[in-house]
Amino acid sequence: MKDKHRGLALFTTLVFIFLLGPLVIIIGTSFGDSSVLKFPPEGFSLKWYKNIFEVDMFMETFKVTMGVALLGNLIALLLGVPAAYALSRGQFRGKEFLNSIFISPILIPGVVMGFTMLKFLVVQFNLPIYTSLLIGHIVLMLPFIIRVIGSSLSNFDYAVEEAAMSLGASRLKTFFTVVLPNIRSGLIAGVLLAFLESFNNVDISVFMTGPGVSTLPIQMLTYVENYFDPTIAAISVLLMVLTGLLMVMIERLMGLSYFTNK
Amino acid sequence: MELLSLNDISVAYEKNLILKNFNLHIEKGELISLLGPSGCGKTTTLRLIAGFLEAKDGRFMFEGKDYTRVPVNKRNFGFVFQSYALFPHMTVFDNVAYGLRLRKVSKDDIAKRVTDMLKVVSLEGFEKRFPGELSGGQRQRVAIARALVIQPDLLLFDEPLSNLDANLRVNMRVEIRRIQKELGITTVYVSHDQEECFSISDKVAIMNQGVIEQLDAPAVIYKYPTTEFVARFIGFHNFIDVNGLKVNGEQVTADCPQGLKLSLVHRSGHPIVEQMKAAIRPDDLLIALQSELSNGLGGLTAAELETGWNVVAGRVKVSTFLGRSYQYEVETALGTFTVNREMEAPFETNAAVQLILPKEKVVLVRTKV
Amino acid sequence: MELLSLNDISVAYEKNLILKNFNLHIEKGELISLLGPSGCGKTTTLRLIAGFLEAKDGRFMFEGKDYTRVPVNKRNFGFVFQSYALFPHMTVFDNVAYGLRLRKVSKDDIAKRVTDMLKVVSLEGFEKRFPGELSGGQRQRVAIARALVIQPDLLLFDEPLSNLDANLRVNMRVEIRRIQKELGITTVYVSHDQEECFSISDKVAIMNQGVIEQLDAPAVIYKYPTTEFVARFIGFHNFIDVNGLKVNGEQVTADCPQGLKLSLVHRSGHPIVEQMKAAIRPDDLLIALQSELSNGLGGLTAAELETGWNVVAGRVKVSTFLGRSYQYEVETALGTFTVNREMEAPFETNAAVQLILPKEKVVLVRTKV
Amino acid sequence: SNDSAANKPTELVISTWGFSEDVMKKNVYEPFEKEHNVKIVVETGNNTDRLNKIRQGSSKVDLIYLSDYYAMQGIEEGLFEKIDRKNIPNIDQLYNIAQAPLGEDWGPAHTVAQLGLVINMEEVKMKVESWSDMWKPEFQNKIALPNITITSGPMLMDMASKHAGSTDMNADAAFKALKEINPGVVKYYSKSADLSNMFAQGEVIIAPMQDTFFGSAKEAVPSAAFITPKEGAYALLNTVNVVKGSKNKELAEKFINWHMSEEVQKANALDKVDAPSNKNVKLTEEQAFGMTYGAEVVENLKTLDLKMVNEQMASWIDRWNRELE
Amino acid sequence: MKKVHLWLLLLPGLLFLTIFMIIPIFMTIGSTFYHEGEFTVDGYVKLLSDPYMLKILGTTLQVSFVTTLVCILLGFPTAYYISKTKARTKGILLMLALFPLLTSAIVRSFSWMVILGKNGLVNQFLLGIGLIDDPLKILYTPTAMMIGMIHLFLPLMIISLVGVMENIDGDLLQASESLGASRWKGFMSIIVPLCVPGLIVGSILVFVGSLTAYTTPQLLGGKQRVIATFLYQNAMTLNDWYMASVIATVMIVITFIIIGLMNRLARKLNPKG
Ligand SMILES: Nc1ncnc2c1ncn2[C@@H]1O[C@H](COP(=O)(O)OP(=O)(O)OP(=O)(O)O)[C@@H](O)[C@H]1O
Ligand SMILES: Nc1ncnc2c1ncn2[C@@H]1O[C@H](COP(=O)(O)OP(=O)(O)OP(=O)(O)O)[C@@H](O)[C@H]1O
Ligand SMILES: [Mg+2]
Ligand SMILES: [Mg+2]
């Protein structure tokens, strides 16, 4: 098996170099001395990192972004998981149609969605900015939750659920003790993707921010409108470190193979 | 005491009616097997009883209560799945303990009962393994332990032993039977394996296309199948059309094609109707060279043998070694017969032989239900 | 002519050695079965031959060429998987046609050959279905058709019939054997089912923990197992320790525990060594009430019977109906014996009985390989 | 006044770009908050985003900072309150150009920047002194120009029509000139930061650039120089206006007055945030480096007729898209 | 499961989407047919009768197609390799593949400038080994734009594919090989069709992403315009939401058509997918 995959391994390595190479540059420049992106960086300095904490808005918007991504994710899970479950377990007409409805938010250009939501949520329904932002992000996250979790659900043998029920577990109990642990990898992948989608979103957030409510990507964008120094590279690096730590933590908590069953 | 009854139950997948006006009554403490060809509805029946499927029509009574709409998890029935359906994320111990935990059994009690049950299925020492780390046979045993440990009111087995090798299969079925009797758990058992069904059951139901064709004690079914389908299914490979049945108490004579005259003892008491066939097993059919024909063979007098009663001439076409015996395909004017005979050296291909149908071994079966 | 040979092959998963110095030689046109308990390495052997696994050591020769490193797709071996491994996205027709298409067979030819093959496996009319829409048995037949249709140089079957019901299983095995003989395709066949192995094979290899313990024609293995393991595996459920063997041509006498004296005919020609046991099948062991003992029973004279040669006294503990016969567990001073007897009415539990070990049916087996 | 009587601070919502927020807070917001018992809430974003939100009419913004071109759009669409100049006496201290860049009814400019030419001296062999020099063949494939959609886009139109010989802004002339230079343009940039990067990467050696960003370009390419062409540099005025419907108009005007004060303007200049539009602010040469400073410079900056620009914009963009590819 | 239960599970999500997205979007689309109080299709006529617009649309589609295709070509083998590795390695590789998503698109585009620019790493390298004498112009070309977008979207493709590949029975490839298929042929005829569901999801994500991407083309592309440019110009610069909605509707329709075509192609590859 091993030699047969050697070509593939090489290919994969190259793809990863392609994927990660730019990140190395970002990491490099974030420690550079110069205020322009240079690689290899000249000098060494932590001033860009210091700068992050000097600009209040970075921390404030970071909090908002995290809040929206986490709270939104939670709500998207509450809405999405039952739907994904019904879609994968139920046999009914119009299932395909519902399926496509649930992924439709991916298909609409971000600006249009953002603008539409501004028009309806903020202007028409007169919802508070933060609520609108949250709703916008939930809409954004739902398809990821439903798609990813749905596909791992459909790969999970229904007989196992029946076994649990025959042993006396209610549907809800079955879901939490048997289904959930087994779709863990899909769940984590879905949550992660949705989280990233929300965390990086600009298109929708741009319309849903207002006085005192803004998100980190918007703040970063605003920042580059005016400066281009490696501060945002430094932020990216911090985010990567944060995520890395988070993943290591998940791994520690949930065992070695949190991404994959078996 | 009747524990369970299915009354005029119909079940359908989409528009496909699988069970139609299905009836089944089971006494408390009984082990009843469902036997039938693939696709006849055995699993469907089990799933209906378990509550995984809803009947379109009819009623399901259990302990005198209407269970038709009782949800699965309120039924306290143990189910052993054809595909194991173990919880992949739990250890063997946790799999077995699952039902007990739901019943809020104390920790110590759980440990004890699970350990005991794992001993019963010969899986001591496997407590910490995950299902993915077990062989097929071991998984099946975990599934059985998991269903048994909750001391269910009814046990449902869907081909629980189909992935075990012969020895283990025999051991396990003896165990299942022992536990079932000991605990007095009423059980419905589905299997492909006839010997397994016969050996383990109080009663066997032979199913055909969603209908029970015969429900009787194993020995009765084995000896006295009522219909051609049942007979065929339990190993009567040889069938002969009969006409002009003459009944005289238990003694029956019949005319068959090609001038064959048949004399047989009809003991089953099953009614004799218009459309019937005579049937006999390969093991019961005697095969002999002309020279070997002798008085008393097959319960026939020398005179009878000579006048051709119950004797068919033919030629050996194929012979197969079966272990205990050789099996012959014998070509006759009435078609091909299958015969088994224990012997040291087999007949040659094309040898001319006589087939004798012992009076006591030929049964009459209806061609229609 | 030797077609295939495995020479001192070793196979390991990670660090687990599954086959160690494994040897197997197969003649052209032969059908050889691998029989053995779950986990003994049958599938591993097949996968090695197919080329899915690489040997750590040893050589695999095929038609005189070294095939050890020939890639799977250059081998032209048909493989029928235990888990079917049908292509879920292709219809039955396309599944079967897959190998032919790769061989650039013309469209018409493909249509013809696939249709023929589907007829062989009784799946006419299923061409357009997808594997997901078939029952287990139907899937298995598609898998068989898919492997057969390419007219492989070697056919490898991994429990191809384990999901079929008894009748279909018999039909299919006859079909497999017929096609195999007709096309003269050398075949390696793995199954749990002994009768299946015996009936279908030219030779049977009994495997135990990665080693072939005996490789012989079915009838030889059936009658003359060489080791205790083989004997146990093929249905000799009763074993007795023997000492003081006295050999006189084929006549052998032995002393057993509890003063039992055994006299037997040793026909197999297997060498007689130090550590041996006497073995007998439940079917061959005779069971009788004291009153039934008579001259000639089990090839023993009345005198012998009276002086206790080959006779063990015991009590019936359990009786089970097996269909053809009843099976009894009989408790004796030498342990529990298992006996089958065809009879109308079974012995009562606790009945005092005599077990007679017919001289011709007792075999001597080695306790070690 | 009455707001000092109430204990609960009034909320004043300010929409701004969001750069140097720390400095703005220190120099502008905090002192004002203290003095007037106000709580300042800031909304940040670029001109278009913020203007669009005002357009939707759901915003609670009181004051909005916009560059003059976008402010003009707001005015045209009636999004702003007219200001009462009496309440903003500090306006008198501003340079003329900053006092009423969009008309007497509308807000002043709190800072002035200029669009000049930045060149990489090391690479440029000739002497550059006019906007027209950009059309020189030497700069083929070495020049970047602003995109029509950004603030300096219309200024490019102006340069181009002048280059084509028209005395005032003439779209036909401009596009003729643009088509001429187009094949040699590396890129029409939309972000100034992007432009610094192009200098750093050696993609371009000349480009019109706002002096505000020259610092970073200089850092990237030490040999970069900022040149005021002989026709004059263009003024970039950042203005502040009161949003229609503001409940705190008076307070907002007080705030504008505060921002225009010498004190604030000087502090911001020293922190290198905004070039002062208050002519009373005096800076040393070093302090003024990189900033549009001094009456002589400021009063000579060229301005465009933004009303006309606004009217023409849609058709310009359309032609731009079609003709420059 | 009972129908009632099904709907109880589906309803919250469905209602949420309907109220907060579907109705608003339909009203936006609907508004493109009403301009100044009258039914009209002027916007569409204007857009679709303009050869220049059609050309831009064509280029955009082409770029999106190429991006999607390259993502498939790069993502497929990579995902396959990842799916074949052991659980632990798989976790790490997936995590690494996800990492680029943590970095804002702008930062990533800027880093590509550092790589592709005249003084960039690629040119320095090529000049260094003497392969070229003058720096290549890569930045500000359609190629640079596509590289940037591929980098942006490849992780999504990989993740979608790994998801389905993990669940493909390993025996299938062996079965095909035993029937005479080479590794490549087996891969193409068995693995690829079975990956169709993941391929579709991945392709939709990449395709829609590159169709609507705005910043990356703006930063890395040269003078090349894409349809999203017009959407943004109309929406943000000109504040012409009528035209913006028209363009958006056209883009949505195109997306649906493309997805329809992809599904059709997929069904050919894998009728059960
Ligand atoms: N989910 C389903 N959808 C549609 N038809 C089904 C479904 N499950 C089973 N069937 C059909 O119902 C019939 C009875 O199926 P069932 O599983 O009860 O058979 P069985 O007797 O258990 O067979 P086997 O011995 O092969 O397990 C079969 O014809 C089968 O094709
Ligand atoms: N992929 C694997 N990794 C590690 N061990 C394995 C793997 N596959 C099989 N084994 C081990 O190798 C041994 C032989 O397995 P094999 O599948 O050959 O058994 P078998 O004789 O076919 O059994 P069965 O009758 O249950 O199919 C078993 O002990 C099994 O646990
Ligand atoms: Mg079944
Ligand atoms: Mg196996």
Side-chain angles (χ1 to χ4, degrees), chain A residues 4-5 8-9 11-12 15-16 18-20 22-23 25-26 37 39 79-80 82-83 85-86 89-90 92 98 101 105-112 115-117 120-121 135 139 142 147-148 151 155 189 192-193 196 200 217 220-221 224 232-233 236 239-240 243 247 251 256-260, chain E residues 1 3 6 9-10 12-14 16-17 20-22 24-25 28 74 77-78 80-81 84 87-88 90-91 94-104 106-108 110-112 114-115 121 151 154-155 159 163 166-167 183 197 201 204-205 208 212 231-232 235 241 245 248 251-252 255-256:
Chain A
K4 289 177 189 163
H5 282 307
L8 205 53
F11 187 90
T12 307
V15 168
F16 271 94
F18 170 74
L19 280 177
L20 301 177
L23 303 194
I25 289 175
I26 293 168
L37 282 188
F39 197 86
L79 296 171
Y85 187 81
R89 292 289 183 253
F92 53 92
L98 282 185
I101 288 209
I106 300 180
L107 308 180
I108 312 244
V111 244
V112 180
F115 172 70
T116 304
M117 288 194 158
F120 286 85
L121 304 188
I135 290 175
V139 168
L142 261 179
R147 255 340 261 231
V148 180
S151 85
N155 287 318
L192 215 60
L193 274 181
L196 290 176
N200 286 325
M220 284 163 76
L221 203 61
V224 272
I232 57 167
S236 295
L239 288 179
M240 283 189 254
T243 319
M247 287 181 174
E251 186 175 273
L256 292 179
S257 47
Y258 58 91
F259 263 120
T260 46
Chain E
M1 224 190 307
K3 285 264 149 67
L6 275 181
L9 293 176
L10 282 169
L14 204 56
F16 188 89
L17 270 191
F20 294 124
M21 190 203 90
I22 293 170
I25 287 287
T28 299
L74 293 181
T78 308
Y80 187 64
Y81 182 80
K84 284 277 165 258
R88 207 192 150 84
K90 197 180 320 191
L94 274 177
M95 193 167 99
L96 286 178
L98 275 173
F99 255 85
L101 294 180
L102 295 166
T103 323
S104 95
I106 297 199
V107 188
R108 282 199 265 172
F110 275 106
S111 70
W112 278 110
V114 176
I115 296 171
L121 296 178
H151 188 245
L154 185 55
I159 288 158
E166 265 191 315
N167 295 308
R183 202 153 258 272
V201 175
I204 290 175
L205 289 176
V208 175
T212 56
L231 182 58
Y232 273 81
W241 284 98
S245 302
M251 284 167 77
I252 293 172
T255 310
F256 274 89

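Here is the naming used below: chain letters follow the sequence lines, and residue numbers restart at 1 for every chain. All values reported here derive from a predicted model rather than from experimental measurement.
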Which heavy atom of [X] sits nearest a heavy atom of [Y], and at what distance?
X      : Y      : result
A/S236 : E/V107 : OG-CG2, 3.7 Å
A/P105 : E/L17  : CG-CD2, 4.0 Å
E/I25  : A/T116 : N-CG2, 3.7 Å
E/A97  : A/F16  : N-CE2, 3.7 Å
A/A83  : E/L10  : O-CD2, 3.7 Å
E/P100 : A/L19  : CG-O, 3.7 Å

Quick check on [X] against chain A: is it the side chain, the backbone, both or neither that has a heavy atom closer than 4.5 Å?
X      : value
E/A235 : neither
E/L14  : both
E/T212 : side chain
E/T255 : side chain
E/L231 : side chain

Min side-chain heavy-atom separation A/L239-E/T103 under 4.5 Å
no
Are A/V139 and E/F16 packed together at the side-chain level, in the sense that at least one heavy-atom pair is separated by less than 4.5 angstrom?
yes
[X] side, atom [atom1]; [Y] side, atom [atom2] - distance, nearest 0.5 Å:
X      : Y      : atom1 : atom2 : answer
E/L98  : A/L196 : CG    : CG    : 6.0 Å
E/R183 : A/L8   : CZ    : CG    : 9.5 Å
E/M251 : A/I108 : CE    : CD1   : 11.0 Å
A/L107 : E/L205 : CG    : CG    : 9.0 Å
A/R147 : E/I204 : CZ    : CD1   : 7.0 Å

Taking side chain as everything from C-beta outward and backbone as N, CA, C, O, which of these in A/I25 sits under 4.5 Å from a heavy atom of chain E? Side chain, backbone, both or neither.
side chain
Choice from A/P217, A/A233, A/P82 maximising heavy atom contacts with chain E below 4.5 Å:
A/P82
Taking every non-hydrogen pair under 4.5 Å, which of A/I232, A/I135, A/N200, A/I106 racks up the most with chain E?
A/I135
Can you tell which of A/L193, A/L192, A/V148 makes a side-chain contact (heavy atoms from CB on, under 4.5 Å) with E/I159?
A/L193
Under a 4.5 Å cutoff for heavy-atom pairs, which residue among [options] has the most contacts with chain A?
options                      : result
E/G13, E/P24, E/S104, E/P155 : E/P24
E/P12, E/S245, E/P77         : E/P77
E/I22, E/T28, E/V201         : E/T28

Audit row: A/M220, E/I106, side chain to side chain contact (heavy atoms under 4.5 Å, CB included) steps and yes/no
CA-CA 9 Å; A/M220 284 163 76; E/I106 297 199; over 6 Å; no
Evaluate the ring planes of E/W241 and A/F115, with Trp represented by its six-membered ring, and classify them as parallel (under 30°), tilted (30 to 60°) or perpendicular (over 60°).
parallel
